[in-house]
Every structure is written in structure tokens, then in C-alpha cells.
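One structure below.
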Amino acid sequence: MPAPLSDRFHAFRSGDFGKLAVLMATAFIDMVGALIIIPLLPFYATDLGASAALLGVLVAAFSGAQLLSAPLWGRVSDRYGRRPALLIGLGASAIAYVIFGFADSVWMLLISRLVQGAGGGTTGVIQAYVADSLEPRNRARGLGWLSAATNVGVVLGPLVGSRAAVLGGQHAPGLVAAGLCILNIIFAARFLTESHGADARKKARASSRSPYRLVWSTAVETPGTPAARCIWIYTLGIGAFYGVTFILTLFLQRRFNVDVGSIGYFYAYIGALNVIFRVGLIGAVVDRLGEIRTFRLGAVALSLGLIALPFTAHIVTLALAVALLPLGTALLFPSVTALLSQVVGDHERGTYMGVQQFYGGTARTFYPSLAGFAWDHLGVGVPFWASAAAVVATLFVGAGMERRVAAHRSAAAERAAKEEAAKEQAAVIE
């Protein structure tokens, strides 16, 4: 049984919770601004004469820019600090929203999406911020709470955007989003303190390794390291989950006659469970099981939900199967990201978080097309079962992680001891 909410608050030191609260507020406001725009994009684009194919390009432009910028933002945050990287990213988003508000051509919408995607590549920076600010045992809990805050933003953003469009006209949603982003910049500049230490920044600047070289290394040269395995677990899981989110709508329409007027209730149900599980459950489970076993439990829950969905024929069984999806993701993703933060050096944490976002974003971009093909040509259940197989594969990728992580930590401790001894010897000589 999860601990009372008050106990989970006290799991953080007061300073830790203060930093996390500011990051949660920043992420929440940022997500509200982004979701003001996203639901309106198809309407704006088609009004300007965009075809369905061109609309797809506009949607993909954001993901492409975000993919390419994420490792770079991570490296910038390692070298110069999380705070300036995050503030610059928020500034880019504000500019993108203004362009969106005044866009009178498809090309301006494309520029807006590219700029917004470049600014949105700071997701890994925020995750590194959380990891810097919290003790290792609290990182999965903190990342879960951060994700819960963004989920609330996902719910509120479209409502704000719709009302702004109705009350203020075409320019209003973009300007409201830009205004929120500027307020967010002011708020973050005032209350966010730098979490990345000067020594770690100096060490990161001394490294000449390109973040894109690390992308290649993770896939080809060192796929068996704990860090690479964490990234691959995240990639397989996030691709499988996002690949069937739109398929779920098609399934509900075909099997349960859900229409435009009722689909919102299903996604509100999923969103509410996401918040509940990430705030009320993830920390307690990690405290009891640790990050590795928590991720495995999440993978089992997510795969079972995906396997069961095509067999549901009643609203009760549907609700139970669907509930396993947010339960699985709440346990899997924060725990594996927290584990990643613990198996890399402080001076390269942002870079690795950016690389994780690169791979995860690639999966989110391409996997839905495969799921759509499977739905059209292979049968109703195939996309769900294929996604379940991908999630089960994470268990094989994570096999033996306890031993690998222990060996990595032992080697890291030995290196740290040697570095400290060298510093002491140098001080004596001086």
C-alpha cells in the first residue's frame, strides 16, 4: 500500500522539494503553451491551403528539429549549466509562438514548428536538472512528479487554446502561448538556481567528444554498457507506447462505437491515471524494489495491457486493460531515466539525457507508421501485440543489469578515488 501523501512529500528534503516544485511549475507552464498550439495546427494549416501530406510535414518538422537539437542542448547544459540552456530553449519557444500567431502562409507555420522543435529539445535538460537536484534514491519519484505536472498541462493546454481562438481570433492562441512562455522565462530566471556544479562544467568543457558521436557510440560501439542499455530500454518502451496511442482511437471507434463527442472521456481517464500513478505510486515502489525491478514491473504491466486490449468486449474489461498502460509507463520510464542518471558522470548527464531523447524521439516518429501499416493490412490486434513484444524485449535488454550496474559503480568509485588521491598529491607538491 503506497505511503500517505504527506510521507511522500517528506521523502524530499525541503531544499530538494523546493527545486523540484520550481521545475514542475516550469514544465507545466511550458506544456500548457505547447498544447495551446498543437490541436489548432491542422485547422490553421488547412485554412492556408495545406494538403494532408503537407500537414504531415508540419507535424514531423517539430519532431525532426527536436531530435537533432536534443543531444546538442544536453552538451550545452553540461558545459555551461542547465539554467542558461533551459532559458534559451524557452526563449526559442516564445519566438515560435509569436510566428505561429501571425503566420499567413504554410511556410511561416513550418518555420514556427522548426523553431519550436529546436527549443523543445531541452526535455533532457530538465530531466538532468531533476537528477542534479535530487538524491539518487529520490530521482525516479521526482521524474514521475515532473511527468505528472506535464500531463496536467496536456489536459489544460487545448482548453486554453480553444477558448483563446473563440474569444480573441486567429492571432490570440499564439500570443497567449508566447505570453505564458515569457512569464515562464521570468519565473525560471527568478526562482531556478543552477544545479550543475562548476567542477562538473569544467570537466565537461575539457571533453572533446561530440554529442552526436555519443549517439553513434550508444548504438554501435558500446551497446552493452549500463547507460546504453537504459537508453535502449527507454527507446523500445516509448516507441511501443506512442505507436499505439492513435491506434487506440481507431480501436475504440471500431469496437465500442466511440465518436468525437466521447473520445475525450477515454483520454481524460488515461491522463488522470497517469497523474495518480506518477505522484502516488512510483516513489513508493522504487523505495521498495529499486529502479531495476521497478522498470521490469512496469514493462510487465504495460505489455499485459497491450496484449489484453484487443480481447476486450465490455467497458469494464476495457477500463482495466487501459489502466495497465499508464500504470506500466509510470513505473517504466521514470525508473529507467533515474537509473541512467546514476550510471553516467555528473559532467555528462545532460548529454546522455539528450541522447536518450534523440532515440526516444526517433521511435516516436517512425513507429506509428509501422503500427498504422499493421492496422491496415495485418489485423486489429497486431499493432498492440507487436508493441507488447517490443516492451517484452526491454526485459531481455535489461537482463543482468544489477551485475552490470554494480560493476560500473565499483569502477567509477575506483576512478574517483584515484582522482582524489592525485589532487591531494598535487596539493602536497605545491
Side-chain angles (χ1 to χ4, degrees), residues 59-78 85 89 117-118 120-128 130-131 140 143 146-147 150 209-245 291-292 295 298-299 302 328-329 332-345 348-371 386-387 389-399 401 404-405 408:
V59 173
F62 174 87
S63 298
Q66 189 177 44
L67 284 177
L68 293 175
S69 65
L72 182 61
W73 279 121
R75 175 51 59 89
V76 168
S77 77
D78 281 338
T122 54
T123 300
V125 175
I126 296 180
Q127 291 176 335
V130 172
L143 289 165
L146 179 75
S147 182
T150 61
R209 184 166 58 169
S210 163
Y212 300 104
R213 174 68 180 177
L214 184 58
V215 169
W216 170 260
S217 173
T218 298
V220 178
E221 296 176 349
T222 59
T225 63
R229 284 174 180 258
C230 286
I231 291 170
W232 281 114
I233 290 166
Y234 180 89
T235 301
L236 287 168
I238 206 78
F241 174 68
Y242 277 92
V244 296
T245 50
E291 287 85 0
I292 296 174
F295 116 68
L302 180 56
T329 58
L332 197 164
F333 298 127
S335 58
V336 78
T337 300
L339 184 62
L340 174 62
S341 77
Q342 297 173 32
V343 298
V344 299
E348 55 186 0
R349 184 174 292 141
T351 304
Y352 270 95
M353 295 293 184
V355 171
Q356 177 178 267
Q357 290 303 311
F358 175 90
Y359 278 101
T362 301
R364 290 195 300 269
T365 300
F366 294 106
Y367 192 92
S369 298
L370 298 177
S387 288
V391 176
V392 170
T394 67
L395 298 173
F396 292 95
V397 175
M401 280 289 280
R404 292 175 182 274
V405 170
H408 172 85

Which atom names give the shortest non-hydrogen contact between [X] and [Y], and what distance separates them?
X	Y	answer
A338	A140	CB-N, 3.5 Å
I233	G398	CD1-CA, 3.9 Å
Y234	Q356	CD2-CG, 3.4 Å
A85	V125	CB-CG1, 4.3 Å
P223	A228	O-CB, 3.6 Å
A65	A118	CB-N, 3.7 Å

Exercise. Please list, chain by chain and in numerical order, all residues satisfying side-chain contact (heavy atoms from CB on, under 4.5 Å) with F62, sequence neighbours excluded.
Key: Q66, R113, Q116

Exercise. With sequence neighbours left out, write down each residue that passes side-chain contact (heavy atoms from CB on, under 4.5 Å) with Y367, or none if nothing qualifies.
Key: A371, A386, S387

Looking at [atom1] of [X] and [atom2] of [Y], how far apart are the two atoms once the value is rounded to the nearest 0.5 Å?
X	Y	atom1	atom2	value
Q357	Q127	CD	CD	4.5 Å
T122	M353	OG1	CE	14.0 Å
T337	I238	OG1	CD1	8.5 Å
Y352	S341	OH	OG	13.0 Å

Those residues that, when tested against [X], pass side chain to side chain donor-acceptor pair (under 3.5 Å) (two or more places apart):
X	result
T222	S217
T351	R75, D78
T394	none
S77	R82

Side-chain heavy atoms of [X] within contact of [Y], under 4.5 Å:
X	Y	answer
T362	L67	yes
L340	V336	no
M401	C230	yes
L339	F295	no

Main-chain N/O of [Y] paired with [X] side-chain donor or acceptor, under 3.5 Å:
X	Y	answer
R349	A128	no
W73	T123	no
S147	L143	no

Exercise. If the plane angle is over 60° it's perpendicular, under 30° parallel, otherwise tilted; pick one for Y359 and W232.
Key: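 Ring orientation of Y359 relative to W232: tilted.
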
Quiz item: Given L236 and V397, is the side-chain contact (heavy atoms from CB on, under 4.5 Å) satisfied, shown in steps?
Solution: CA-CA 10 Å; L236 287 168; V397 175; 4.0 Å; yes

